[in-house]
There are 2 protein chains.
Amino acid sequence: MPPTIAQSAAQGHGPLYKEVKRLLTQSLIEREWAPGVALPSETRLAKRYGVSIGTLRKAIDELVAERIVQRHQGRGTFVATHNANRLLFHFFHIVGRDGHQAFPTTQTLHFRCAKATEDEAQRLGLAAHAKVLRIRNLLSLEGQPVIVDDIVLPQARFSDLTAQRFKQRDNTIYHLYQTAYGINVVRSSERLSAVLATADIAALLKIQQHAPLLAINRTALTYRDAPVELRRSLVNTTAHEYHSNRGKEQSAG
Amino acid sequence: MPPTIAQSAAQGHGPLYKEVKRLLTQSLIEREWAPGVALPSETRLAKRYGVSIGTLRKAIDELVAERIVQRHQGRGTFVATHNANRLLFHFFHIVGRDGHQAFPTTQTLHFRCAKATEDEAQRLGLAAHAKVLRIRNLLSLEGQPVIVDDIVLPQARFSDLTAQRFKQRDNTIYHLYQTAYGINVVRSSERLSAVLATADIAALLKIQQHAPLLAINRTALTYRDAPVELRRSLVNTTAHEYHSNRGKEQSAG
DNA sequence: AAGTGGTCTAGACCACCAT
DNA sequence: TGGTGGTCTAGACCACTTA
């Protein structure tokens, strides 16, 4: 048999299914398959890459584990889309002290263009003093203000994003990135600490100055761990908590 | 062919590899294979359960994803043990603001027997007013006190645990549970919030009263999500942060 | 009825480790 | 050298969805 595409591309390095995964990821990056649409069937993909179904499935298994694609028996394999459920399960970790989880309502307070700080530029992989968008949102749960979000975006990748367009989205912020800017947030890295409320934050959250707040510093990442957004959330944890459930749902059912 | 053990046990319900996983987990619970020792080879296990290697491997794949067993090519598959590395990777989420992670030193301040509160009994699945052990530890990083841990254990499962034995352990606390009491903590569920330091905690951490602290409420779980320990950690996040890295390392490489 | 993903099998070959 | 897990294959059959 002549060498297949996948075999020659692999050049003998590493497992074949990793190379297939790399090719699938590349096609996702290039938007060969857009969010929400079905990939070709496993049979077709296996033929395309010149591998067996088992090998193809092992590559897709990893993309499923990373929540980049979703399988639906009888229907097909789909590129994951950002929606309310995905937000609540994988990106919004705030729950009520009774365990109840609610979808937050958002009010945009600021929308500004500015220059990145040294730290921001470094964390976003931008040149020093590159332009960024700064957005401040107030998030409410069941009518009460609970979170102040400060978002930093690289202006170059969101060049025509305006305050109006941002506010007029009818879905999650990551859905907007995904559909309007071709930027697919696939995971995030977060660092948490405790701080005291400053006067301005206290006013927004309707709490006393120097009340304790949970600070969440998040970097949102797209394919191959490229950073696309910085976000600092200040959370009033009087009636809510941050939920970190590791293990079960993260890996296997 | 006559029906195999696994097939008859499954009674036609659900996938065969899930039933194999259940049988493997049962053997782990019953300590047929103790922590640190190798399971029988995949070939042997496949014969034992009357399934193919592929099916057996799929069952073990899930146990590996849940970090209950570890595979080592050429050597075998081993029951995971609790050690410093496992603690740092999967249970101790505090890192320096520079990203550096250090192993904490522990000083035991209290070791008491008491009755469970209503909430504790409920969270540990105990009868009301059941006996519990209350342990307070002061954790230091690079010589500085950073965390106060309050641990609650069901006394029944740790009946002969004394303060001396607890202090004299030469490894992690979960290692002690695993080796001395046959209790294998496999994952944890955590809720985080921000609080103000009380006078006693402030004194221990050498900070001012009313300084902000990160509060981590953890439930440690063993096989099949049975709760075995409650722990409340109060963390001075002046020089350290809580690191929540979801996705990559949790699921697939 | 046709097409999809989900499960299961049997076997080959490779990479790695202990002896 | 023999045993282990790691990869890859080819195919059968099942469960589910859509039309």
Side-chain angles (χ1 to χ4, degrees), chain A residues 1-24 33 36-65 68-80 252-253, chain B residues 1-24 33 36-65 68-80 252-253:
Chain A
M1 269 222 281
T4 66
I5 295 170
Q7 280 162 359
S8 55
Q11 294 172 353
H13 302 317
L16 190 47
Y17 75 90
K18 288 282 187 188
E19 175 62 15
V20 172
K21 182 188 174 187
R22 201 189 63 76
L23 293 169
L24 287 167
W33 311 300
V37 310
L39 270 59
S41 74
E42 297 183 341
T43 316
R44 259 187 278 271
L45 286 173
K47 278 182 188 160
R48 165 168 168 173
Y49 297 121
V51 301
S52 73
I53 293 264
T55 300
L56 187 277
R57 277 184 65 81
K58 191 157 182 179
I60 292 191
D61 280 345
E62 295 204 348
L63 295 176
V64 169
I68 289 170
V69 301
Q70 300 176 320
R71 285 202 266 235
H72 295 285
Q73 188 174 13
R75 296 207 287 132
T77 303
F78 298 79
V79 185
Chain B
M1 269 223 284
T4 65
I5 294 169
Q7 279 162 359
S8 55
Q11 296 172 355
H13 301 317
L16 190 46
Y17 75 89
K18 288 282 188 189
E19 174 62 14
V20 172
K21 181 188 175 188
R22 201 189 63 76
L23 292 170
L24 287 168
W33 310 300
V37 310
L39 270 60
S41 74
E42 298 183 340
T43 315
R44 259 187 279 269
L45 286 172
K47 278 182 188 159
R48 164 167 168 175
Y49 298 121
V51 300
S52 73
I53 294 265
T55 300
L56 187 277
R57 277 184 64 82
K58 191 158 183 179
I60 292 191
D61 280 346
E62 295 205 347
L63 294 177
V64 169
I68 289 171
V69 300
Q70 300 175 320
R71 284 202 267 235
H72 294 285
Q73 190 175 11
R75 295 207 286 132
T77 303
F78 298 80
V79 185

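By convention in this document, chain letters (A, B, ...) are assigned in the order of the sequence lines, proteins followed by strands, and residues within each chain are numbered from 1.
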### Closest to side chain of B:R75, choosing from D:dT4, C:dC17, C:dC8
C:dC17
### Query
What do the steps show when you test B:R22 against B:E19 for side chain to side chain contact (heavy atoms under 4.5 Å, CB included), and what is the final call?
CA-CA 5 Å; B:R22 201 189 63 76; B:E19 174 62 14; 3.3 Å; yes
### Task
Give a yes/no on whether any side-chain N or O of A:T55 is located under 4.0 angstrom from OP1 or OP2 of D:dT9.
yes
### Query
In whole angstrom, what separates A:D61's CG from D:dT7's P?
12 Å
### Nearest-neighbour nucleotide for the A:S41 side chain, D:dT7, C:dT7, C:dT4 considered
C:dT4
#### Entry: C:dA10 phosphate, OP1 or OP2, under 4.0 Å from B:S52 side-chain N/O
no
#### Entry: Nucleotide of D:dT7, C:dT4, C:dC8 approaching A:P15 most closely (side-chain heavy atoms)
D:dT7
#### Entry: Nearest-angstrom distance from the residue atom CZ of B:F78 to P of C:dC17
12 Å
### Summary
Taking every heavy atom of B:A59 against every heavy atom of B:K21, the minimum-distance pair comes out as CB-N, 3.8 Å
### Query
Within the pair A:Y17 and D:dT7, is there a side-chain N or O less than 4.0 Å away from OP1 or OP2?
yes
### Query
Nearest-Å distance, NZ (B:K18) to P (C:dG6)?
13 Å
## Note on the structure
CG of A:L23 to OH of A:Y49, rounded to nearest 0.5 Å, is 5.5 Å
### Summary
Of all heavy-atom pairs linking B:A46 and B:L56, the shortest is N-CG, 3.8 Å
### Nearest-0.5 Å distance, OG1 of residue B:T77 to CH2 of residue B:W33
10.5 Å
### Query
Nearest to the side chain of B:L16, which nucleotide is it out of C:dG6, D:dT9, C:dC8?
C:dC8
### Query
Contact class for A:T43 vs. all strands (heavy atom < 4.0 Å): base, sugar-phosphate, or nothing?
nothing
### Message
My understanding is that only residues two or more places apart in sequence, or in another chain, count here; which of them pass side chain to side chain contact (heavy atoms under 4.5 Å, CB included) with B:R57?
### Response
B:E42, B:I53, B:R71
### Task
Kindly point out which of C:dC8, C:dG5, D:dC8 is positioned nearest to the side chain of A:R57?
C:dG5
### Query
Side chains of A:V51 and A:L45: closer than 4.5 Å at any heavy-atom pair?
no
#### Entry: Reported NZ-to-CD distance for the pair A:K58 and A:E62, which is rounded to 0.5 angstrom
7.5 Å
#### Entry: Earlier contact from the 5' end, DNA chain D, for A:I53 and A:G74
A:I53
#### Entry: Nucleotide nearest B:E42 when distance is taken to its side chain, options C:dC8, D:dG6, D:dT7
D:dG6
### Query
Does A:K58 make a side-chain N or O approach to OP1 or OP2 of D:dT7 shorter than 4.0 Å?
yes
### Query
When the distance from CG of B:L56 to P of C:dG11 is rounded to whole Å, what number comes out?
16 Å
#### Entry: Whole-Å distance separating the CZ atom of B:R71 from the C1' atom of C:dC17
17 Å
### Query
Once you round it to whole Å, what is the distance between C1' of C:dT4 and CZ of A:R44?
10 Å
### Summary
Note on DNA chain C: ranges paired as stems (three or more Watson-Crick/G-U pairs in a row, both atom distances under 3.5 Å) are C:1-18 with D:1-18
### Query
Counting side-chain heavy atoms from CB outward, which of D:dC16, C:dT7, C:dA10 is closest to A:Q73?
D:dC16
## Note on the structure
Between CG of B:L63 and C1' of D:dG5 the distance, given in whole Å, is 15 Å
### Query
Over how many whole Å does the gap from A:H72 atom NE2 to C:dG6 atom P extend?
10 Å
